[in-house]
Amino acid sequence: TQTTRPQRMLAAVQKNATRGDPRSVVKAIDQFCRQKEWAMNVGDEKGCILDSVVTEVNPETVLELGTYCGYSTVRIASLLPPQAKLITLEFNPGNAAIARQVIAWAGLEDKVELVEGASGDFIPKMKEMFGIKTFDLVFLDHWKDRYLPDTKLMEECGLLRKGSILLADNVICPGTPDYLEYIRNSPRYKSQFFKSHLEYTKVEDGLEKSIFLG
Ligand SMILES: CCNc1ncnc2c1ncn2[C@@H]1O[C@H](/C=C/CNC(=O)c2cc(-c3ccc(F)cc3)cc(O)c2O)[C@@H](O)[C@H]1O
Ligand SMILES: [Mg+2]
């Protein structure tokens with residue numbers, strides 16, 4: 001029977017990456033996507049920008065919306081300080097199952113809470129489920145038409161504090177026009193665009209980094 005692309009990606013990780021070595025997991029996925037099959041991971045070029053933001057913020061609490069196969073989860077978790085927690089939401093059971101195994105192969109399961117469910121249902125439960133007051137960093141990489149509603153939901157749930165950072169993937173391709181319009185014109189955010197390319201291609205894309213001003 002036919003395997004899925006995430007299943008083939010996991011097989012490439014288990015074949016080519018070293019258990020407990022996050023960088024080798026990231027490299028194995030990037031090689032798979034360049035040499036075998038394109039997939040919608042944030043990728044190596046935008047991934048370096050993601051790494052620099054994570055390192056700069058040095059967050060204790062991180063929320064990722066849209067785990068997919070766990071590529072960005074592994075990049076972020078591998079850079080977190082010892083007590084830090086990364087909560088990642090994924091509502092497709094097949095993708096969640098693959099992501100759990102990718103995260104485990106990297107040896108990062110102690111830093112990551114993968115919640116199988118929709119962001120709209122779980123953002124309001126973050127406090128009660130994990131005792132999280134606010135997030136220091138949020139990485140948005142799920143359905144592009146959900147960036148704006150979920151950002152407003154995080155505001156309403158009091159999950160953002162003065163200085164919280166939102167980092168959004170794909171603001172050019174596929175694009176998140178309503179989110180960009182809101183975040184760049186809101187007096188409650190200070191935004192900065194990081195020009196880059198769509199993962200594994202020469203197509204223009206970029207990340208939008210926004211600081212919540214309270
Ligand atoms: C319902 C909204 N809430 C959600 N809550 C939890 N998980 C969610 C949610 N939405 C989507 N997901 C999951 O996130 C993942 C979806 C990500 C969507 N990403 C994209 O569409 C995307 C698409 C492209 C792209 C770019 C150019 C192309 F030609 C084709 C595709 C590139 C990217 O970097 C992307 O991130 C899936 O695993 C999905 O199950
Ligand atoms: Mg993306």
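First listed ligand is number 1; within each ligand, the first listed atom is number 1. Computed from a predicted structure; not experimentally measured.
A cation-pi contact links K152 to Y182, judged by a cut-off of 6.0 Å to the six-membered ring centre and 45° from its axis. Both the sub-6.0 Å distance and the 45° axial angle are satisfied by K125 relative to the ring of F122. Stacking of R146 on the aromatic ring of Y179 is not recorded, the 6.0 Å distance cut-off and the 45° axial limit not both being met.
Those atoms of ligand 1 that come under 4.0 Å of a heavy atom in N92, given as number and element, are 40 (O). Per-residue contacts place D169 under 4.0 angstrom from the following atoms of ligand 1 (heavy atoms of the residue considered): 34 (O).
Residue G117 places a heavy atom under 4.0 Å from ligand 1. Using a non-hydrogen distance threshold of 4.0 Å, W38 registers as a contact of ligand 1. In this structure, P174 is part of the shell of residues with a heavy atom less than 4.0 angstrom from ligand 1.
Ligand 1 has a nitrogen or oxygen under 3.5 angstrom from a nitrogen or oxygen of E199. Between R146 and ligand 1, a contact under 3.5 Å exists for no N or O pair. Distances between N or O atoms of N41 and those of ligand 1 include no value under 3.5 Å.
At the top of the distance list for atom 12 (N) of ligand 1, counting protein heavy atoms only, stands F91 CE2, 3.7 Å. Looking at atom 9 (C) of ligand 1, its nearest protein heavy atom turns out to be H142 CB, 3.8 Å. Ranking protein heavy atoms by distance to atom 14 (O) of ligand 1, first place goes to G66 CA, 3.4 Å. Closest to atom 35 (C) of ligand 1 among all protein heavy atoms lies N170 OD1, 3.3 Å. In this structure, the protein non-hydrogen atom closest to atom 17 (C) of ligand 1 is D141 O, 3.4 Å.
For atom 5 (N) of ligand 1, the nearest non-hydrogen atom from the set G94, G43, G120, S119 comes from S119. Across Y68, W143, F122, Y200, heavy-atom proximity to atom 18 (C) of ligand 1 is greatest for W143.
Take the N/O/S atoms of D141: the one nearest the Mg ion (ligand 2) is OD1.
Neither the backbone nor the side chain of L65 has any atom closer than 4.0 Å to an atom of ligand 1 (non-hydrogen atoms only). With a heavy-atom cut-off of 4.0 Å, L198 touches ligand 1 through its side chain alone. When non-hydrogen atoms are compared, ligand 1 lies under 4.0 Å from the side chain of N95 (C-beta onward) but not from its backbone. Contacts between E90 and ligand 1 below 4.0 angstrom, taking non-hydrogen atoms only, involve backbone and side chain alike.
In summary, the aromatic rings of H142 and Y147 are positioned with their centroids under 6.0 Å apart.
Residue L153 is not grouped with residue I165 when hydrophobic side chains (ILVMFWY) are merged at heavy-atom distances under 4.5 angstrom, including chains of intermediate members. Hydrophobic clustering places M9 together with V112 (ILVMFWY residues linked when any side-chain heavy atoms are closer than 4.5 Å, directly or through intermediates). The hydrophobic cluster containing L86 does not contain L140, counting ILVMFWY residues as joined when their side-chain heavy atoms lie under 4.5 angstrom apart, directly or transitively.
Across every non-hydrogen atom of D110 and K85, the tightest pair is O-NZ, 3.1 Å. In terms of heavy atoms, G214 sits closest to R188 at O-NE, 3.7 Å.
One distance of note links CD1 of I87 with CD of E113; it measures 6.5 Å at 0.5 Å rounding.
Counting protein heavy atoms under 4.0 angstrom from atom 28 (C) of ligand 1 gives zero.
With the Mg ion (ligand 2) as the vertex, OD2 (D169) and OD1 (N170) define an angle of 80°, rounded to 10°.
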Could you go step by step and tell me if D205 and S196 meet the side-chain hydrogen bond (donor to acceptor under 3.5 Å, both in side chains) rule? CA-CA 5 Å; D205 190 15; S196 186; over 6 Å; no

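Taking a cutoff of 4.0 Å between a charged side-chain nitrogen and a carboxylate oxygen, E56 and K209 qualify as a salt bridge.
Atom NZ of K127 has more than 12 neighbouring heavy atoms from other residues, nucleotides or ligands inside a 6.0 Å radius.
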